[in-house]
Amino acid sequence: MHVSLDGFVAAVDGEMDWINIDDEMFDLAGNQTDKADTALYGRVTYQIMENYWPTAADQPKATKHDKQHAHWYNQVEKVVLSKTIKDPKKPLLKIISNKLTQKIRKLKQRNGKNIIMFGSPSA
């Protein structure tokens, strides 16, 4: 999540045009995702990501970042905290709807790379 030093996340309408997005920012984000093999999402953020990243690299104007992140997204396990998604039937997708602390601890104890968390400021 992008947060300014004074705690600002987004405008009321969701605008985040205050964030300076450039190659340096994308490279920094890419370095962090490369160290992770599991992504932890809330339901809303997962649905936003799932609507974009699986095919982002295939778009005619896909950037270097789009291609790299789409490749990463399509090969990592996605763990979603949700009480409404019931039967995902998607490879690399796990839904956690109860016993969050216990189940996330189990994820952390597995062998592998880091778990990276993506989220929004609201539920």
Side-chain angles (χ1 to χ4, degrees):
M1 175 176 12
H2 300 281
V3 180
S4 69
L5 292 175
D6 62 355
F8 184 73
V9 176
V12 175
D13 61 357
E15 284 299 314
M16 294 190 292
D17 55 1
W18 60 273
I19 300 169
N20 181 25
I21 299 175
D22 58 15
D23 286 340
E24 183 179 5
M25 172 74 102
F26 286 135
D27 290 344
L28 177 65
N31 287 336
Q32 294 305 306
T33 55
D34 287 346
K35 296 175 185 175
D37 59 4
T38 303
L40 181 65
Y41 298 99
R43 179 192 55 82
V44 173
T45 302
Y46 166 72
Q47 288 174 324
I48 291 167
M49 298 294 197
E50 188 65 13
N51 283 328
Y52 183 75
W53 287 114
T55 60
D58 303 330
Q59 301 308 310
K61 294 184 180 183
T63 65
K64 174 185 119 181
H65 166 71
D66 289 337
K67 292 174 184 176
Q68 290 172 339
H69 193 75
H71 175 74
W72 175 84
Y73 181 90
N74 287 323
Q75 58 181 317
V76 299
E77 179 181 26
K78 287 157 275 300
V79 178
V80 180
L81 307 179
S82 175
K83 292 184 179 186
T84 58
I85 299 175
K86 298 298 180 196
D87 190 14
K89 292 185 182 174
K90 288 188 176 190
L92 299 174
L93 177 60
K94 176 183 178 86
I95 305 298
I96 297 178
S97 59
N98 60 18
K99 300 180 183 177
L100 303 181
T101 303
Q102 177 184 355
K103 290 179 180 178
I104 291 173
R105 275 192 185 125
K106 276 189 172 183
L107 285 175
K108 290 172 66 174
Q109 292 171 353
R110 299 186 309 187
N111 290 329
K113 294 183 176 182
N114 293 337
I115 299 170
I116 192 164
M117 187 170 65
F118 294 91
S120 60
S122 62

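The basis for the numbers below is simple: all heavy atoms, side chains too, and nothing from hydrogens, waters or symmetry mates.
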| task | Check the pair Ile115, Leu107 against side chain to side chain contact (heavy atoms under 4.5 Å, CB included), reporting the backbone distance first and the verdict last. | result | CA-CA 8 Å; Ile115 299 170; Leu107 285 175; 3.8 Å; yes

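- Criterion: ILVMFWY side-chain heavy atoms under 4.5 Å apart, direct or through other members. Under it, Leu92 and Tyr52 are not part of a common hydrophobic cluster.
- By the 4.5 Å heavy-atom criterion applied to side chains, Thr38 and Val76 are not counted as neighbours.
- In terms of the side-chain hydrogen bond (donor to acceptor under 3.5 Å, both in side chains) criterion, Gln59 has no residue partners (sequence neighbours excluded).
- With hydrogens and angles disregarded, a donor-acceptor distance shorter than 3.5 Å links the side chain of Trp72 to the backbone of Ala36.
- Looking at residues two or more places apart in sequence or on another chain, you find a salt bridge (Lys or Arg N to Asp or Glu O under 4.0 Å) between Lys89 and Asp87.
- The minimum heavy-atom distance between Ala57 and Ala62, with the atom names listed, is O-CB, 3.7 Å.
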| Stepwise, does the side chain to side chain contact (heavy atoms under 4.5 Å, CB included) test hold for Leu81 with Arg43? | CA-CA 6 Å; Leu81 307 179; Arg43 179 192 55 82; over 6 Å; no

Quiz: residues 95-105 side-chain donor-acceptor pairs under 3.5 angstrom, not counting sequence neighbours:
unit_1 : atom_1 : unit_2 : atom_2 : d
Asn98  : OD1    : Lys103 : NZ     : 2.6

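- Judged purely by atom type and a 3.5 angstrom limit, Thr33 uses its side chain to pair as donor or acceptor with the backbone of Gly30.
- Sequence neighbours left out, the pairs with a member in residues 57-78 that pass salt bridge (Lys or Arg N to Asp or Glu O under 4.0 Å) are Asp27-Lys64, Glu77-Arg110.
- Qualifying side chain to side chain contact (heavy atoms under 4.5 Å, CB included) partners for His71, counting only residues two or more places apart in sequence or in other chains: Gln75.
- At distances below 3.5 Å, at least one donor-acceptor pair connects side-chain atoms of Lys113 with backbone N or O atoms of Asp34.
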| task | With side chain to side chain donor-acceptor pair (under 3.5 Å) as the test, would you mind laying out the steps for Gln47 and Tyr41 before giving the verdict? | result | CA-CA 9 Å; Gln47 288 174 324; Tyr41 298 99; over 6 Å; no

| message | Working note: Trp53 + His65, criterion ring-ring contact (aromatic ring centres under 6.0 Å, His included); need CA distance, chi angles, decisive distance, verdict. | response | CA-CA 11 Å; Trp53 287 114; His65 166 71; 5.7 Å; yes

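- One distance of note links CD1 of Ile116 with NZ of Lys35; it measures 10.0 Å at 0.5 Å rounding.
- Under the rule for a salt bridge (Lys or Arg N to Asp or Glu O under 4.0 Å), Lys106 has no partner lying at least two apart in sequence or in another chain.
- Separation of atoms NZ (Lys94) and CD1 (Ile85) is listed at 14.0 Å; rounding is to 0.5 Å.
- Looking at Tyr46 and Ser82, their side chains never come closer than 4.5 Å, going by heavy atoms from C-beta outward.
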